[in-house]
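Remember, predicted model here, so these are calculated numbers, not experimental data.
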Amino acid sequence: PITPTDKIWMNGELVDWDKAQVHVLTHGLHYGSGVFEGIRAYETAEGPAIFRLTEHIERLFNSAKILGMEIPYTVQELIDATKEVVAVNGLPSCYIRPLAYLGYGEMGLNTLPCKVDVSIACWPWGAYLGDDAVTKGVRMKISSWTRHDHNTMPPAAKTTGNYVNSSLAKVEALKAGYDEAIMLAPNGLIAECSGENIFVARKGQLITPPLSAGALEGITQNTVMTIAKDLGFEAVVDNIARSDLYIAEEAFVCGTAAEVSSVNSVDDRSIPCPGPMTKAIAETYMNTVTGKDDRYKHWNELAV
Ligand SMILES: Cc1[nH+]cc(COP(=O)(O)O)c(CN[C@@H](CCC(=O)O)C(=O)O)c1O
């Protein structure tokens with residue numbers, strides 16, 4: 001269950017949590033017509049800092065553009081609004097959810113006349129895949145649900161409508177006794193997980209699937225690529241098949257909510273966990289998001 005905070009930013013106003021409501025005929029509620037971001041603020045020596053906020057807000061605008069939605073604010077306005085929401089709620093660390101959605105007033109599939117509303121909320125959200133997701137790792141299952149074909153739904157857009165596919169995969173995995181679902185692209189190669197990107201180590205090289213596989217262009221994936229190279233690991237973008245996972249030397253998943261979580265098995269094929277590269281990357285990642293690694297301080301955007 002979600003822990004309420006004081007204020008939510010809605011179309012430029014700071015609204016009390018329990019008054020931040022929409023009409024039941026809000027277009028986005030019926031048709032999945034919205035785009036969103038998942039961002040984390042972390043406690044740092046200089047105060048709460050939002051990790052790679054600028055890139056997240058830029059991606060929100062790209063997601064909207066892919067859907068043909070016009071967000072009625074500038075990137076800078078939403079960057080400032082996000083900092084304001086984190087500051088006004090006074091949390092040392094939190095999860096932040098900007099959402100741009102087609103609002104109340106029009107129904108039907110012609111979205112051209114619809115107005116775009118924007119909200120930004122934050123709340124405390126702990127380890128997405130469990131506190132020991134690095135040491136113990138997570139049990140993964142290849143899903144029977146396929147990730148979107150590029151011409152069915154745009155996987156590169158973080159659109160609310162895409163997440164029915166993710167939830168179907170997540171729930172199927174949980175009901176089968178696993179922790180998370182790995183999803184295949186329509187061509188049968190690995191795409192990503194229900195809410196994370198995935199890395200696998202084969203012959204000492206870290207590999208993560210390309211966007212063409214139908215993965216979201218993960219900001220954590222990008223951070224991990226940088227950290228891996230700075231740690232002297234070889235990390236490449238290339239297609240992987242399910243058998244690569246089965247015989248992997250190590251594997252991990254990454255995302256804003258999931259951070260870096262190691263994988264201990266895929267379809268009951270156990271994988272050494274946590275692998276040495278996974279451990280080093282996970283440790284460096286947590287130092288990076290909490291402002292302890294000077295190489296990456298430009299990514300810690302102070303909320304005050
Ligand atoms: C499908 C998907 N793929 C990859 C990622 C990783 O992207 P990034 O956060 O930029 O590294 C996420 C983030 N998933 C968000 C939503 C989770 C949720 O349950 O809601 C998140 O991690 O915030 C995805 O939803």
Please indicate whether [X] has more than 12 foreign heavy atoms, meaning atoms of other residues, nucleotides or ligands, lying under 6.0 Å from its [atom1].
X: E217; atom1: CD; answer: no
X: Q205; atom1: CD; answer: yes
X: E77; atom1: CD; answer: yes
X: W145; atom1: CH2; answer: no
X: E283; atom1: CD; answer: no

Any side-chain heavy atom of [X] within less than 4.5 Å of one from [Y]?
X: V116; Y: L102; answer: yes
X: D6; Y: V88; answer: no
X: T5; Y: L91; answer: yes
X: E192; Y: I190; answer: no
X: N239; Y: P210; answer: yes
X: M69; Y: F61; answer: no
X: K292; Y: K297; answer: no
X: I281; Y: C254; answer: no

In terms of side-chain geometry, is the basic nitrogen of [X] or [Y] positioned less than 4.0 Å from the acidic oxygen of its partner?
X: E37; Y: K158; answer: no
X: E250; Y: R202; answer: no
X: D16; Y: K7; answer: yes
X: K115; Y: D117; answer: yes

I'd like to know if the side chain of [X] reaches the main chain of [Y], judged simply by a donor and an acceptor atom lying under 3.5 Å from each other, with no hydrogens or angles considered.
X: N165; Y: T146; answer: yes
X: Y285; Y: V224; answer: no
X: R40; Y: A257; answer: yes

If only side-chain N and O atoms count, and only distance matters, is there a donor-acceptor pair under 3.5 Å linking [Y] with [X]?
X: S144; Y: E172; result: yes
X: D80; Y: Q76; result: yes
X: R52; Y: N300; result: no
X: S119; Y: R97; result: no
X: N264; Y: R139; result: no

Determine the minimum heavy-atom distance between [X] and [Y], stating which atoms define it.
X: L206; Y: A228; answer: CD1-CB, 4.2 Å
X: H30; Y: V24; answer: NE2-O, 2.7 Å
X: C193; Y: E180; answer: CB-CG, 4.3 Å
X: K229; Y: A235; answer: CE-O, 3.5 Å
X: S93; Y: E43; answer: CB-N, 3.9 Å
X: A248; Y: V200; answer: CB-CG2, 3.2 Å

- [ ] Anything under 30° is parallel, anything over 60° is perpendicular, the rest tilted; go ahead and classify F51 against Y42.
- [x]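 Aromatic pair F51/Y42 classed perpendicular.
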TODO: Could you check whether the rings of H23 and Y104 sit parallel, tilted or perpendicular, using 30° and 60° as the cut-offs?
DONE: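 The arrangement is parallel - the two ring planes meet at less than 30°.
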- [ ] Answer yes or no on whether K170 is positioned over the face of Y128, meaning its NZ or CZ is under 6.0 Å from the six-membered ring centre and within 45° of the axis.
- [x]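 Flagged: K170 positioned over aromatic ring of Y128.
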Task: Ring centers of Y163, F36 separated by less than 6.0 Å - done: yes
Open item on the list: For L245 and V263: C-alpha separation, side-chain torsions, deciding distance, then whether side-chain contact (heavy atoms from CB on, under 4.5 Å) applies.
Closed with: CA-CA 10 Å; L245 291 167; V263 171; over 6 Å; no
Pairwise distance [atom1]([X]) to [atom2]([Y]) - rounded to 0.5 angstrom:
X: E106; Y: S33; atom1: CD; atom2: OG; result: 11.5 Å
X: Y246; Y: I271; atom1: OH; atom2: CD1; result: 10.0 Å
X: K141; Y: D268; atom1: NZ; atom2: CG; result: 9.5 Å

Open item on the list: Please evaluate residues E301 and E55 with respect to the criterion side-chain contact (heavy atoms from CB on, under 4.5 Å), reporting the C-alpha separation (whole Å), side-chain torsions for both, the decisive distance (0.1 Å), and the verdict.
Closed with: CA-CA 11 Å; E301 300 188 41; E55 288 91 341; 4.2 Å; yes
TODO: Go through the steps to decide whether Y296 and I227 satisfy the test side-chain contact (heavy atoms from CB on, under 4.5 Å), and finish with yes or no.
DONE: CA-CA 9 Å; Y296 314 114; I227 288 176; 4.1 Å; yes
TODO: Determine the sole option in T82, I50, V85 for which the side chain to side chain contact (heavy atoms under 4.5 Å, CB included) test with C122 is passed.
DONE: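 Per the side chain to side chain contact (heavy atoms under 4.5 Å, CB included) rule, the option paired with C122 is V85, out of T82, I50, V85.
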